[in-house]
Engineer: 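Encoded as structure tokens, here's the structure I'll be asking about.
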Amino acid sequence: MAAASCTLRSTPLPAAVGSPAARSLLAASTRPVRANQRCLVVKAQKRELMMWEALREGLDEEMERDPTVCLMGEDVGHYGGSYKVSHGLYKKYGDMRLLDTPICENGFMGMGVGAAMTGLRPIVEGMNMGFLLLAFNQISNNCGMLHYTSGGQFKVPMVIRGPGGVGRQLGAEHSQRLESYFQSIPGVQLVACSTAANSKALLKSAIRSDNPIIFFEHVLLYNVKGEVHGPDYCQCLERAELVREGTDVTIFCYSRMRYVVMQAVAELEKQGYNPEVVDLISLKPFDMETISKSIKKTRKAIIVEECMKTGGIGASLSAVIHESLFNELDHEVLRLSSQDVPTSYAYELEAATIVQPEKVVAAVHKVCGVRVAA
Amino acid sequence: MLAAWRTVAQRRQCPRAPALLAAARHLASQTATASAQSASVAAEVPSSSSGSEPSARLSSSSQQQEERMDFPGGSVPFTAAMSFLGGTFSPRAPLPCYRTIDSAGLAIADADIPHELDQETAVKMYKTMVTLQTVDVIFYEAQRQGRFSFYMTSSGEEATAIGSAAALTNDDVIFSQYREQGVIMYRGFSVQDMAHQCFGNIHEQGKGRQMPIHYGSKSLNFHTISSTLATQLPHAVGAAYALKLQKRNACAVAYFGEGAASEGDFHAALNFAATLKAPVVFICRNNGWAISTPATDQYRGDGIAGRGPGYGMASLRVDGGDARAVYNATAAARKIAVEQQVPVLVEAMSYRSGHHSTSDDSSRYRAAEEMRQWRARDPVARFQRWLVDQGWWSDAQDTSARQEARRDVIKALETAQKAPKPPLSAMFEDVYARMPWHLEKQQAEVFAHVRTHPDACPADIPVK
């Protein structure tokens, strides 16, 4: 299935957490170089950016297009953001539109809500998604609710964004998966980007949306490279991405797990499997059209997530699939998640707590049966 | 150097000056010794008092250079005196309370009145107070009769709400807590609007989704009340930021109680507003009680106004029962906020004459005598007396105004009660800009259930 891998996004597939290969892959993501002269010319015309650059470009384009768009958070102005997403933008837009705030997540989240209700389109950056636990009150009781409780009089067109997920030995408090905690909040929409292309295109849509959007980036994906679209391309916030078309089993994933899954897929292809990979993108609401279309085709589903087993995105998705597609399934939905433990600092323990490609391969064996290599 | 410290101690008028001077002498002897050992002493080195040799390393010019500590936050002078400020060491008296009319309603001579009240405004203020008092009494009784589920009165705080509202413009964006119905009434929210909201019927702006008294009106620039305490304070900072970006001649105004000022969002909002220079007027209604918690159990500092200077913010304490003083305080605060683009804090001292809400019986925790004393200083009566003294109001007008208000309120309640409720579909709308599939599905399930079990839906909610 070598041809199939060419249809994949250009972003590289990280090796297992901890391997030297992983570090070099993530650090220096490039397409494999081909000897073909024509391909080299084509490559020169395509524009590859790292995800942080793609996000920055999307932010820049939207701020230029709409003067009500602004960014607020800690160290986002002159410092350019902890992950450089607003690098240098203050020079173009000034200190007011790239607003450095004192340290109080609930404070600047509330400020964003107030600004959004007064005609602006604020983007609130959490330095780490985990810090937004402090902002939970404003997000849940106000951001998600005020459009409803005001009878539609006041809208809250905010984007709440930041890096989350398990990084490299950042410790339990900096390895939170906030999508679990936020998913129940009525009135907010949850989106998770995974590639340079979709991060830019989704951010643009999120900024233009009138709903409050919680936009999940991953702490380890900022240097992932890929082609990005032009200034007019906005990606639908409610649609999942078909990463790899297949027939044997549908593997659902999002954010960094997309890469873990694709690495498993490389191995599974060698073993003769033909998995379909769907990147959820929209964590709330789920893209049921894509999900059900895929399951009706493959009749088997595996969910691969970084969330904890209890109450994660996978838990919700599994319930929805069983409820609405029970008769389309040949096997119960398998859910690969992190354990219900705080994420350890220690290298090997951290690696053991998140899903690795080998687990995905084993799960496919379980639902599809073991195959003799083709 | 010791002479200098003596002067400092005297200037501070600190009762502990003798002890301080003794400590200073002790410190002087210690630092003189220490400076001989280290070249990088931060404190000023005394030259003669201790009797020990001054340090040979430090020249007099380096002493001059080390008068101030420069750090990332700014520059502060050094001192070798250790003197605690605040708590039991506070040399400051509490901020005084600005007033222009006394408890009996008589004008105080030579009071500062930078913003004179004209007859039209003053009469409008008073009439709104009359209507507010009538609404509070009758709506409270309506709740007791079971006509709607909940109500909160603002008895004793009419002057705070209406006096401040009168000093604002319609472009000023208002965020309130829940006891500021006088503010939205002054802006133009009618008694009928209030009744509709309390009954949650089809005519109210909130489409029946919020509890009674959670008013909101975009056209009146009054944000829908959210039950959570103090969350509106950072909102006001955000709104002020928006007004600043839009270069509007307006400010944001945030109302809250002294109890809510204990919440984290209060501290965040004041720090943010001052640091980011946001044009917000923070108006605290210190009414003495947070349900059953008296203000003495809420804070230990100098009330709420005493906190403002700590954040770098101009602050004023005002008699919340004196409508004219509240009007002036708010007008002055607004002027500072808009012209200088900075926040201002106003603490209006008043008293919650009524219960916390219809779910509370304050006689369980308050002395009847205390309540009686405060009712004798009713802000509406005080303002009425002053109005009459100006020749702008009469007893006959008062009787007629109260009768008219009573008629209007009763009629408004009857009209609101008879009006239909929003349909069941309103439960699912406005959660998002466009209804997503999972809400459509849930809505369909609710409808299906209600059609087979009609008594599951309240009789007055149309199933559509």
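Proteins come first, then strands; the chains are lettered A, B, ... in the order of their sequence lines, and each starts at number 1. Side chains are part of it too, since the values below use all heavy atoms of this structure and drop only hydrogens, waters and symmetry mates. Predicted model only: the values in this text are computed from it and were never measured.
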Engineer: Could you list which of residues 246-266 of chain B have a heavy atom closer than 4.5 Å to any heavy atom of chain A, in residue-number order?
Structural biologist: B:Gln246, B:Asp265

Engineer: Do B:Phe175 and B:Phe222 make the cut of ring centroids closer than 6.0 angstrom?
Structural biologist: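 Between B:Phe175 and B:Phe222, the centre distance exceeds or equals 6.0 Å.
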
Engineer: With a 4.5 Å heavy-atom cut-off, do A:Tyr90 and A:Leu99 have their side chains touching?
Structural biologist: no

Engineer: Picking from A:Val188, A:Asp95, A:Asp100, which has the most non-hydrogen pairs under 4.5 angstrom with chain B?
Structural biologist: A:Val188

Engineer: If you count heavy-atom pairs within less than 4.5 Å of chain B, which of A:Thr101, A:Val156, A:Asn142, A:Asn141 leads?
Structural biologist: A:Asn142

Engineer: Count the heavy-atom pairs under 4.5 Å between each of B:Lys441, B:His267, B:Gln232, B:Lys244 and chain A, then report the option with the highest count.
Structural biologist: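 Top count of heavy-atom pairs under 4.5 Å with chain A: B:Lys244.
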
Engineer: Side chain, backbone, both or neither: which part of A:Lys284 has a non-hydrogen atom closer than 4.5 Å to chain B?
Structural biologist: side chain

Engineer: Within residues 209-220 of chain B, which positions have a heavy-atom distance to chain A below 4.5 Å?
Structural biologist: B:Arg209, B:Gln210, B:Gly216, B:Ser217, B:Lys218

Engineer: Could you name the residues of residues 60-75 of chain A that have a heavy atom within less than 4.5 Å of a heavy atom in chain B?
Structural biologist: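 Checking residues 60-75 of chain A against chain B gives A:Cys70, A:Met72.
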
Engineer: Name the option with the most non-hydrogen atom pairs under 4.5 Å to chain A; the candidates are B:Asn221, B:Leu243, B:Asp430.
Structural biologist: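 The answer is B:Asp430.
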
Engineer: Which residues in residues 147-154 of chain A have any heavy atom lying under 4.5 Å from a heavy atom of chain B?
Structural biologist: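 Those residues of residues 147-154 of chain A which have a heavy atom under 4.5 Å from chain B are A:His147, A:Tyr148, A:Thr149, A:Ser150, A:Gly151, A:Gly152, A:Gln153, A:Phe154.
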
Engineer: Flag the one option from B:Ser227, B:Ala239, B:Gly208 with the top tally of heavy-atom pairs under 4.5 Å to chain A.
Structural biologist: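 Most pairs with chain A among the choices: B:Ala239.
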
Engineer: Identify which of A:Gly144, A:Gly112, A:Pro102 forms the greatest number of heavy-atom pairs closer than 4.5 Å to chain B.
Structural biologist: A:Pro102

